[in-house]
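Take a look at the structure set out below.
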Amino acid sequence: MSSQPNQSLIDGIRCFQELTTSGRPMGNKELAEKMQINEVRVNRLLRTLKSIGMAEQNAQKKYMPGPVVHVLAAQSFHSSAIFRAATKVAINRPFDDRTLAIGVLWQDSVVYMFHAQAHQNPAEGLGGYHLYHASQSSIGQVLMAELDDEELSQITCHWEPNQKSVMMDTIEKIRREGYVCRCDPAGKIDNIASTFTVGGAKAGIAFTDFHIDAAELDNYVGQLRELINEIESYA
């Protein structure tokens, strides 16, 4: 029996993922260019997804997520202890001076399960699903720091050498300190992030969109760790 990954299955999942994150219907050609695979293959994948309710077409014959996406969303919430614990705590902890973000790592991308800005109703922060490159996200950086060298190599193998070198330096610092801290152009700290674990699964949590001096850092890190302890104990 072959131990090689099933490329058709991988492409099908990628195709569905592109539909669910695009925010608008997509045509065959556009999707083929985005996935960098043959348009005929994309057409076959889309027709298959449509046949099982994972995709549907609008009046212009473009594709968008089908009704199965709602079923998967409900099932994911039920089956994901980390999602339930993190979001239950987050919606009960509003902040009026910062953004609270919680996300997970997928390959070299980060997707947010929660992203609530200052003064925003925390419930509105649920499902902030947009993908971001892990190197550009503090949550992505702390989650990559949790990986071993082999896992990191698989994620970064296609990165530019300079990008990879800078990220490895950042990861080494995160591993020493247990969190990441970033500054704005004026030198004020505006982003801190760390990780938590629920049921063996890891996610990242961050405070962003604030501006503090270094003297206040320990206080903010302490508040972040309080949230982490609350999430991990909730589960």
Side-chain angles (χ1 to χ4, degrees), residues 72-152 154-155 167 170-182 189-210 212 216-235:
L72 293 175
Q75 290 176 333
S76 296
F77 182 81
H78 175 75
S79 64
S80 174
I82 197 167
F83 185 83
R84 292 197 308 274
T87 55
K88 288 270 187 169
V89 171
I91 62 176
N92 288 304
R93 292 292 297 267
F95 292 95
D96 60 8
D97 64 341
R98 74 198 78 167
T99 293
L100 172 62
I102 300 172
V104 293
L105 185 67
W106 181 64
Q107 296 181 347
D108 64 353
S109 297
V110 170
V111 61
Y112 291 107
M113 63 177 74
F114 185 87
H115 191 278
Q117 298 177 334
H119 302 294
Q120 186 178 19
N121 184 328
E124 296 180 60
L126 291 170
Y129 58 83
H130 294 290
L131 290 174
Y132 296 87
H133 197 276
S135 66
Q136 302 302 312
S137 164
S138 60
I139 286 178
Q141 292 170 2
V142 292
L143 286 171
M144 284 195 294
E146 295 281 345
L147 303 176
D148 60 35
D149 290 343
E150 182 178 350
E151 292 170 318
L152 270 176
Q154 291 174 353
I155 285 178
M167 181 50 53
T170 300
I171 284 173
E172 288 304 317
K173 184 176 181 182
I174 293 170
R175 287 172 173 171
R176 290 194 304 269
E177 299 180 351
Y179 63 91
V180 67
C181 167
R182 302 199 315 199
I189 297 168
D190 65 356
N191 188 316
I192 58 172
S194 190
T195 63
F196 62 91
T197 304
V198 175
K202 287 190 179 292
I205 184 168
F207 290 148
T208 68
D209 302 324
F210 61 93
I212 61 171
E216 300 176 82
L217 177 60
D218 286 347
N219 179 39
Y220 275 65
V221 171
Q223 292 179 44
L224 192 65
R225 286 177 172 156
E226 285 179 11
L227 269 180
I228 290 172
N229 291 337
E230 191 174 347
I231 292 170
E232 292 182 334
S233 63
Y234 178 89

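These numbers were taken from a predicted model, which means no experiment stands behind them.
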Can you tell me if H133 uses its side chain to pair, donor with acceptor, with the backbone of S109 under 3.5 Å? no
Checking T170 against Q141: is there a side-chain donor and acceptor pair closer than 3.5 Å? no
Considering all heavy atoms, the nearest L100-A90 contact: CD2-CB, 4.0 Å
Looking only at heavy atoms, what is the nearest atom pair of A101 and I139, with distance? O-CD1, 3.6 Å
Check whether any side-chain heavy atom of L227 sits under 4.5 Å from a side-chain heavy atom of F207, and report yes or no. yes
Looking only at heavy atoms, the pair that brings G140 and V110 closest together is CA-CG2, 3.2 Å
Between atom CG of L224 and atom OG1 of T195, what is the distance when rounded to the nearest 0.5 Å? 9.5 Å
List the steps, then state whether side-chain contact (heavy atoms from CB on, under 4.5 Å) holds for L217 with Y179. CA-CA 11 Å; L217 177 60; Y179 63 91; 3.6 Å; yes
What is the distance from atom CD of Q107 to atom CD of Q154, rounded to the nearest 0.5 Å? 10.5 Å
Under the salt bridge (Lys or Arg N to Asp or Glu O under 4.0 Å) test, which residues partner R93, sequence neighbours left out? E230
Separation between CG (L143) and OG (S194), nearest 0.5 Å, reads 9.0 Å
How many angstroms lie between atom CG of D97 and atom NE2 of H119, to the nearest 0.5 angstrom? 8.0 Å
Note, V104 side chain near F83 side chain (heavy atom, < 4.5 Å): no
First locate atom NZ of K202, then atom CG of L105, and finally report the distance between them rounded to the nearest 0.5 Å. 12.0 Å
Give the minimum heavy-atom separation between M113 and A86, together with the two atoms involved. SD-CB, 4.2 Å
Any side-chain to backbone donor/acceptor pair from E232 onto T197? Under 3.5 Å, distance only. yes
Close side-chain approach of L126 to F114, heavy-atom, < 4.5 Å: yes
Restricting to salt bridge (Lys or Arg N to Asp or Glu O under 4.0 Å), what partner residues turn up for E172, sequence neighbours left out? R175
By salt bridge (Lys or Arg N to Asp or Glu O under 4.0 Å), which residues pair with K173, not counting sequence neighbours? none
Where is the tightest heavy-atom contact between M167 and M144, given as atom of each residue plus distance? SD-CE, 3.5 Å
Non-hydrogen side-chain atoms of N219 and I212 separated by less than 4.5 Å: no
Shortest non-hydrogen pair, A206 vs S138, comes out as CB-OG, 3.8 Å
What do the steps show when you test F196 against I102 for side-chain contact (heavy atoms from CB on, under 4.5 Å), and what is the final call? CA-CA 10 Å; F196 62 91; I102 300 172; 3.8 Å; yes
side-chain contact (heavy atoms from CB on, under 4.5 Å), that's the test. Do R98 and D209 meet it? Break it down for me. CA-CA 5 Å; R98 74 198 78 167; D209 302 324; 5.8 Å; no
Using a 4.5 Å cut-off on heavy atoms from C-beta on, say whether the side chain of I82 contacts that of I231. no
Walk me through it: do F95 and F210 pass the test side-chain contact (heavy atoms from CB on, under 4.5 Å)? CA-CA 11 Å; F95 292 95; F210 61 93; over 6 Å; no
